Amino acid sequence: MSGRLKELLVKDPLARRTQDYEAVYDDFIRYAGGFRIAERFNVPANYDNADYYVDCCEYDVILELKQVQKYLKDGTVDSYFNQLLATGQLQPICCFGLSSEK
């Protein structure tokens with residue numbers, strides 16, 4: 001277990017801050033061979049930018065950390081995304097010539 005994750009888990013949940021969660025993500029991204037974009041590039045203050053970059057051989061991954069979300073233990077990834085689709089918080093897209101319609 002990474003040091004930052006262990007620190008987070010032993011901390012009182014009511015005392016946790018956004019920076020504590022971000023530190024865990026930072027450790028994970030570094031483990032995956034990536035980095036926080038602001039560590040390598042000059043990013044203007046108060047500029048909304050992507051948070052992380054990971055070079056994955058055939059493709060680049062750029063991640064923007066928007067929120068840390070809790071999930072019900074009996075929920076699934078499919079049920080989570082289906083709920084987002086049903087409430088209009090997520091819109092299906094078409095790509096690579098495939099249609100989102102059935």
Side-chain angles (χ1 to χ4, degrees):
M1 183 183 314
S2 82
R4 298 292 175 107
L5 179 57
K6 186 175 182 178
E7 289 173 18
L8 178 73
L9 293 175
V10 298
K11 193 174 211 177
D12 178 354
L14 297 177
R16 295 174 184 170
R17 301 167 312 170
T18 301
Q19 294 88 341
D20 299 326
Y21 291 98
E22 286 184 357
V24 173
Y25 278 94
D26 289 347
D27 279 357
F28 176 77
I29 293 297
R30 276 194 275 288
Y31 175 78
F35 57 86
R36 190 175 262 281
I37 289 177
E39 293 173 353
R40 302 258 180 109
F41 299 99
N42 292 325
V43 179
N46 299 322
Y47 184 76
D48 291 334
N49 66 296
D51 293 315
Y52 301 102
Y53 172 85
V54 182
D55 182 354
C56 294
C57 299
E58 296 90 33
Y59 52 92
D60 297 329
V61 176
I62 298 174
L63 302 167
E64 170 67 29
L65 180 61
K66 288 289 186 194
Q67 64 180 332
V68 175
Q69 183 83 18
K70 64 180 179 182
Y71 300 94
L72 298 173
K73 288 185 178 182
D74 58 348
T76 65
V77 172
D78 286 339
S79 66
Y80 171 72
F81 282 105
N82 286 335
Q83 181 182 0
L84 291 178
L85 285 166
T87 60
Q89 295 175 302
L90 184 66
Q91 299 295 319
I93 61 169
C94 298
C95 60
F96 303 111
L98 302 174
S99 173
S100 63
E101 298 176 9
K102 293 184 178 183

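Predicted, not measured: the structure shown is a model, and the values here were computed from it. No hydrogens, no waters, no symmetry mates; every other heavy atom, side chains included, goes into these values.
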Requested in this report: Kindly give the heavy-atom pair with the smallest separation between Phe35 and Ile29, and that separation in Å.
Outcome: N-CG2, 3.5 Å
Query raised in the report: Any idea which heavy atoms bring Thr87 and Leu84 closest together, and the distance?
Result: OG1-O, 3.3 Å
**Report entry** Atom CD of Gln83: over 12 foreign heavy atoms under 6.0 Å
**Finding:** no
Query raised in the report: Taking Asp20 for the side chain and Arg17 for the main chain, is one N or O donor matched with an acceptor at less than 3.5 Å?
Result: yes
Report summary line: Heavy-atom closest pair (Asp27 atom, Arg4 atom, distance to 0.1 Å) is OD2-CG, 2.6 Å
Query - Asn42 CG to Ile37 CD1 distance, which is reported to the nearest 0.5 Å - result: 13.0 Å
Query - hydrophobic_cluster_shared for Val24 and Tyr31, side chain cutoff 4.5 Å - result: no
**Report entry** Reported OH-to-CD distance for the pair Tyr52 and Glu22, which is rounded to 0.5 angstrom
**Finding:** 5.5 Å
Report task. Please round to the nearest 0.5 Å and tell me the distance separating atom NZ of Lys6 and atom CG of Leu8. Result -> 13.0 Å
